[in-house]
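Quick notes on the structure that follows.
Below, all heavy atoms of this structure are taken into account, side chains as well, without hydrogens, waters or symmetry copies. Note that the numbering runs from 1 along the sequence shown for the chain.
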Amino acid sequence: MVAPRRRYPIGIQTFSEIREGGYVYVDKTADIYNLVTYGSKYTFLSRPRRFGKSLLCSTLKAYFEGHRKFFEGLAIEHLENDWEKHPVIYLSLGWIKTTDVDVLRESISSDLREYEVRYGHQPEEDALGARLKNIIKQSTAATGKKAVVIIDEYDNPLLNVIHMEDEKVRAVRAVMTELFGPLKDCDAWLRFVFITGVTKFSQMSIFSSLNNIKDISMKPEYATLCGITLEELMSQMEPDISALATTLGLSLEKTVERLKHYYDGYAFSRSLTGVFNPFSLLNCLDDSYFKPFWFSTGTPTYLVEMLRKYDVAPSTLTGLRVSTQDFDVPTEALTGATPLLYQSGYLTIKGYDPVMDEYILSIPNQEVRLGLMNSLLPNYVQKPQMTNSEISSLVRHLMKGQLTEGLEGLQTFFSEVPYCDNTSYEGHWQQMLYVVFSLIGAYADVEVHTRKGRVDMAMVLADTLYLVEVKLNSSAREALDQIDRKEYAERFRRSALPLIKIGMNFSTTERTLTEWLIEPSR
């Protein structure tokens with residue numbers, strides 16, 4: 001007999017609805033209990049979009065409102081004895097999409113007005129922060145219990161304008177400072193304050209007066225507060241994985257490996273405890289299909305603009321070494337896109353050097369790699385993206401070892417690209433090749449150091465190692481001769497894979513790949 005299919009909370013971020021509706025819920029309540037019992041009274045957590053921040057906030061809201069029935073059967077049921085009810089002021093700024101300061105102010109004002117009506121407070125002034133302070137005081141007076149303030153996606157209004165002119169950014173920041181500035185003065189009436197966002201708390205000056213807040217974003221004990229661990233996947237979702245395996249005709253082990261390849265790989269602390277992207281994982285289980293669910297929801301405008309502003313080379317998005325201080329650069333003083341790439345989920349922690357106190361960042365998984373390279377491709381070829389048919393054709397030829405046919409397809413693709421004014425140096429074509437080959441699933445690296453120089457690109461595809469040398473307005477023979485002259489292949493002699501050398505020549509006049517030569521190295 002086939003077991004009934006479980007319900008997945010796709011798009012549902014309300015804890016009570018998930019519990020009442022019988023949806024799959026990965027139990028995080030033990031972590032939540034530890035957070036509110038032993039953690040700081042003022043807490044901030046940074047995580048990428050669609051990573052469970054809103055569900056976490058909703059769960060905290062239900063907990064502090066004393067809705068014990070929603071927690072039956074969960075870990076916290078055996079940890080909490082009091083279930084004390086508190087007034088909860090919950091503000092979610094994620095829904096605010098405007099760049100207009102007046103609309104922003106009215107949107108926040110509308111949310112505050114609901115609480116003013118609830119607690120019978122008539123605002124005597126228009127200042128948002130003063131109104132929030134009075135709501136906190138009034139809610140405490142009305143219930144006899146200290147208030148809980150939960151602010152979800154606090155930085156969304158700022159991220160809407162961060163790529164715009166400084167005057168616009170300052171105007172939005174002023175509104176946010178006005179709203180949150182008085183929070184510190186409310187200590188006597190507060191039980192707990194929890195704030196979430198994408199950008200780290202210390203990056204924004206709007207909380208400068210709230211200097212007693214604890215940022216837990218990179219603390220090992222809270223590394224899995226959002227996201228789904230492999231252990232949770234196997235212990236709480238094994239029936240779902242088994243159903244997916246049956247649908248795909250794969251073993252359970254192969255199915256888990258594919259899920260890990262596509263959606264795992266995130267780590268948010270030096271402990272390197274990994275988590276799956278919950279949005280993509282649940283959508284994959286719901287659809288019984290692998291696709292870039294998280295990435296297909298859209299790349300934030302601010303991130304694309306930042307990548308362009310800082311001229312990010314795709315090949316540099318792996319093995320980046322950054323210090324703890326690099327995460328704390330104010331957004332308005334950024335000199336590179338790395339902090340935003342990390343906090344937005346496009347890079348994650350893959351290693352930690354305790355001697356240097358440095359984190360090693362790379363792209364988390366296949367979903368992000370493919371999506372990010374598609375987003376970066378227009379920067380190099382001025383074409384929206386490679387079509388599925390173009391990608392499929394290239395993959396098909398290269399998987400069969402049909403290099404000539406594959407490179408002919410690349411030549412056609414590049415020749416159809418509109419005019420681009422930055423094609424007069426080899427690095428442009430090198431980065432473009434890196435993006436394209438990454439899109440087809442090749443593991444590529446550029447500027448690989450060897451004993452006598454640096455090979456332009458080394459990549460592995462279909463159990464074959466390729467060494468690629470690029471020339472501009474020269475010849476493919478010159479490129480191939482350089483591979484031999486500088487003995488690039490010696491660097492890879494210990495590899496058991498067959499090695500193929502490819503020399504390429506690009507023309508600034510024809511703006512495409514004009515010539516190539518292919519030779520086996522061994």
Side-chain angles (χ1 to χ4, degrees), residues 261-262 265 312-320 350 362-374 376-377 379-381 386 390-411 413-414 426-472 476 479-480 482-484 486-506 512-513 515-522:
H261 179 62
Y262 272 87
V312 174
S315 64
T316 64
L317 298 178
T318 183
L320 287 169
K350 292 294 186 180
S362 290
I363 295 172
N365 52 43
Q366 183 73 346
E367 176 188 24
V368 178
R369 178 177 296 278
L370 295 180
L372 190 56
M373 293 306 161
N374 248 326
L376 289 173
L377 189 59
N379 289 350
Y380 291 89
V381 300
M386 290 187 76
E390 287 171 326
I391 293 174
S392 297
S393 176
L394 186 55
V395 170
R396 185 167 57 253
H397 288 309
L398 293 182
M399 287 295 187
K400 293 180 178 180
Q402 299 170 342
L403 299 184
T404 298
E405 291 84 351
L407 293 175
E408 285 174 350
L410 269 185
Q411 183 182 49
F413 171 72
F414 292 149
E426 287 182 14
H428 167 83
W429 299 99
Q430 180 192 76
Q431 293 297 324
M432 184 168 59
L433 285 172
Y434 177 85
V435 170
V436 170
F437 285 121
S438 293
L439 280 174
I440 66 172
Y443 290 91
D445 196 6
V446 302
E447 296 292 334
V448 181
H449 286 267
T450 68
R451 186 167 56 88
K452 293 186 177 182
R454 292 180 295 182
V455 61
D456 281 340
M457 180 181 295
M459 69 172 184
V460 176
L461 184 67
D463 296 325
T464 300
L465 174 61
Y466 297 93
L467 299 185
V468 181
E469 187 65 25
V470 174
K471 291 297 178 184
L472 186 64
L480 211 59
Q482 181 170 320
I483 294 176
D484 292 332
K486 295 194 174 184
E487 300 177 347
Y488 289 153
E490 291 299 320
R491 164 76 165 71
F492 307 93
R493 286 300 179 191
R494 293 185 179 180
S495 171
L497 299 178
L499 194 152
I500 302 293
K501 302 177 296 183
I502 304 178
M504 296 184 180
N505 182 65
F506 288 85
T512 189
L513 172 64
E515 184 187 15
W516 59 85
L517 288 173
I518 304 166
E519 290 183 3
S521 180
R522 59 173 183 262

Task: Residues that Tyr262 engages under ring pair (Phe, Tyr, Trp, His ring centres under 6.0 Å), provided they are two or more places apart - done: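 With neighbours one apart ignored, the set is Phe290.
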TODO: Return yes if some donor-acceptor pair links the side-chain N/O of Gln411 with the main-chain N/O of Leu513 below 3.5 Å, else return no.
DONE: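 Yes, the answer is positive, given that a donor and an acceptor are paired below the 3.5 Å cut-off.
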For a quick test of reading the model, state the closest non-hydrogen atom pair linking [X] to [Y] and the distance between them.
| X | Y | result |
| --- | --- | --- |
| Gly503 | Ala476 | O-CB, 3.5 Å |
| Ile502 | Leu480 | C-CD1, 3.9 Å |
| Lys501 | Leu499 | CG-CD2, 4.0 Å |

Does any part of the side chain of [Y], heavy atoms only, come nearer than 4.5 Å to the side chain of [X], both counted from C-beta?
| X | Y | answer |
| --- | --- | --- |
| Thr318 | Lys350 | no |
| Phe506 | Leu433 | yes |
| Glu519 | Ile483 | no |

Using 0.5 Å steps for rounding, measure from the [atom1] atom of [X] to the [atom2] atom of [Y].
| X | Y | atom1 | atom2 | answer |
| --- | --- | --- | --- | --- |
| Thr450 | Arg491 | OG1 | CZ | 8.0 Å |
| Ser362 | Leu317 | OG | CG | 9.0 Å |
| Glu490 | Lys452 | CD | NZ | 8.5 Å |
| Glu408 | Glu405 | CD | CD | 6.0 Å |
| Arg454 | Tyr488 | CZ | OH | 9.0 Å |

Under 3.5 Å, which donor-acceptor pairs link side chains of residues 455-470 to any protein atom two or more places apart or in another chain?
from	atom 1	to	atom 2	distance (Å)
Asp456	OD1	Gln430	NE2	3.3
Asp456	OD2	Val470	N	2.7
Thr464	OG1	Ala462	O	3.3
Glu469	OE1	Asp456	N	3.3
Glu469	OE2	Gln482	NE2	2.9

